[in-house]
Amino acid sequence: SLYLCEKQAVSAEKREVFYYQPILTRREYQEWSTRNLIDKAYRGSARDLVASLVEPRENDRIYDPTCGSGGLLLKAYKKVPGGKAALYGQELNAQTWALCTMNMFLHGVDDARIWQGDTLSNPQNIENDGLMTFQVVVANPPFSLDKWDSGFLADAEADSKGKKKMSAELDPYHRFNCGVPPTSKGDYAFVLHMLSSLDDQNGRMAVVLPHGVLFRGASEGQIRRRLV
């Protein structure tokens, strides 16, 4: 902790050796620590809520398209009696993907299929030349991701000003037929991907999103109306 580092620095100064310049007072550290604990508790309770809402069952395929280090996947997995479920995920960041792979191993999930790459422009959980479908889809994607469509633009045609723009036709998996989210906010891009990955007969989905998805207009408003 930052406060303990400060105490070590004070001890080191007595030996006329300088290791660390403290940046927090004791009171500032206590306030920071309290906020950090509240934040961790919130994240933990949110994961528990998401995992409970989807009611994972035996033999379900459970998927997280932005799985991070795998915490939400494991929360859902632990809701299944006897652990009889298959886990699937994808993570863009290579280091986080490696942590997720290790996390699965440490929790005894040796057969989880966790891919590394851009879920939106290059989904890896593919079956019969289409998106694999799942009984359970959960996610806490990056909020309002800017330039989420950058992976699609290599095949886009430039307009008269030389700018390339995302269109539904650029997606071979037809996820954006309800509308294309704005480049600056990728929230609905992840939602549409998740919906396209749901099992038609028994799919359940839960996702954590910023509250702006409930009232922002323009293309997001159109997508929201079509989904409802």
Side-chain angles (χ1 to χ4, degrees), residues 40 42-143 145 148 151-152 171-178 186-209 227:
K40 286 183 178 178
Y42 168 76
R43 291 198 304 267
S45 62
R47 284 196 295 264
D48 281 329
L49 176 61
V50 168
S52 298
L53 286 172
V54 292
E55 300 179 348
R57 304 164 190 166
E58 284 190 5
N59 301 317
D60 276 350
R61 295 202 295 196
I62 304 173
Y63 173 53
D64 185 343
T66 58
C67 62
S69 58
L72 187 50
L73 271 176
L74 289 170
K75 281 285 186 182
Y77 177 75
K78 290 177 181 178
K79 300 286 185 182
V80 180
K84 295 181 180 179
L87 298 187
Y88 299 79
Q90 188 163 340
E91 170 57 35
L92 177 61
N93 184 281
Q95 291 182 334
T96 309
W97 167 79
L99 286 174
C100 182
T101 303
M102 183 185 301
N103 207 11
M104 295 295 152
F105 174 76
L106 292 175
H107 284 82
V109 187
D110 300 329
D111 57 351
R113 299 183 185 179
I114 310 297
W115 300 88
Q116 194 271 318
D118 188 335
T119 294
L120 297 176
S121 64
N122 188 26
Q124 296 294 304
N125 287 285
I126 302 299
E127 190 173 56
N128 299 324
D129 297 324
L131 293 177
M132 186 181 290
T133 57
F134 305 88
Q135 287 74 41
V136 171
V137 180
V138 293
N140 182 9
F143 286 2
L145 180 65
W148 64 268
F152 294 93
D171 177 35
Y173 302 106
H174 311 291
R175 290 168 289 180
F176 306 114
N177 291 338
C178 286
D187 302 308
Y188 274 107
F190 289 109
V191 169
L192 293 173
H193 170 78
M194 294 171 71
L195 289 171
S196 298
S197 302
L198 272 180
D199 177 71
D200 290 336
Q201 301 299 319
N202 196 26
R204 289 99 64 201
M205 169 181 149
V207 57
V208 180
L209 295 168
L227 290 180

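To the nearest 0.5 Å, atom CD1 of residue Ile114 and atom CG of residue Leu87 are 6.5 Å apart. For the atom pair SG (Cys67) and CD1 (Ile62), the distance works out to 13.0 Å, reported to the nearest 0.5 Å. Here CD1 of Ile126 is found 3.5 Å from OH of Tyr173. Values are rounded to the nearest 0.5 Å. To the nearest 0.5 Å, atom CG of residue Leu131 and atom CG of residue Asn125 are 9.0 Å apart. The OG1 atom of Thr101 lies 9.5 Å from the CD atom of Gln116; values are rounded to the nearest 0.5 Å. The CG atom of Leu99 lies 10.0 Å from the CG atom of Leu106; values are rounded to the nearest 0.5 Å.
Nearest heavy-atom pair across Leu72 and Ala139 is CD2-N, 3.6 Å. In terms of heavy-atom proximity, Asn103 sits nearest to Gly70 at ND2-C, 4.4 Å. In terms of heavy atoms, Ala206 sits closest to Leu53 at CB-CB, 4.4 Å. Residues Val54 and Ala51 come closest through the heavy atom pair CG2-O, 3.3 Å. Taking each heavy atom of Glu91 and Gly68 in turn, the nearest pair found is OE1-N, 2.8 Å.
Taking the side chain as every heavy atom from C-beta outward, Lys75 and Val138 never approach each other to under 4.5 Å. Residues Asp200 and Thr133 fail the side-chain proximity criterion, which asks for heavy atoms closer than 4.5 Å.
No donor-acceptor pair under 3.5 Å is formed between the side chain of Trp115 and the backbone N or O of Pro123. Of the possible donor and acceptor atoms, none in the side chain of Gln90 sits under 3.5 Å from a partner among the backbone N and O of Pro65. Judged by distance alone, the side chain of Arg47 and the main-chain N or O of Gly71 form no donor-acceptor pair under 3.5 Å. Between the side chain of Asp60 and the backbone N or O of Gln135, no donor-acceptor pair lies under 3.5 Å.
Below 30°, between 30° and 60°, or above 60°: for Phe134 and Tyr63 the angle between ring planes is below 30°, a parallel geometry.
Summarising the local packing, CD of Gln95 is surrounded by 12 or fewer heavy atoms from other residues, nucleotides or ligands at distances under 6.0 Å.
Partners of Asn122 under the side-chain contact (heavy atoms from CB on, under 4.5 Å) rule, at least two apart in sequence or in another chain, are Gln124. With sequence neighbours left out, Asp199 forms a salt bridge (Lys or Arg N to Asp or Glu O under 4.0 Å) with no residue at all.
Checking Phe176, Tyr188, Phe190 one by one against Trp148, the ring pair (Phe, Tyr, Trp, His ring centres under 6.0 Å) holds for a single residue, Phe176.
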Verdict with supporting geometry, Thr66 and Asp64, side-chain contact (heavy atoms from CB on, under 4.5 Å): CA-CA 6 Å; Thr66 58; Asp64 185 343; 3.6 Å; yes

Working for side-chain contact (heavy atoms from CB on, under 4.5 Å), residues Leu227 and Leu195: CA-CA 10 Å; Leu227 290 180; Leu195 289 171; 3.5 Å; yes

Worked check of side-chain contact (heavy atoms from CB on, under 4.5 Å) between Arg57 and Arg204: CA-CA 11 Å; Arg57 304 164 190 166; Arg204 289 99 64 201; 3.7 Å; yes

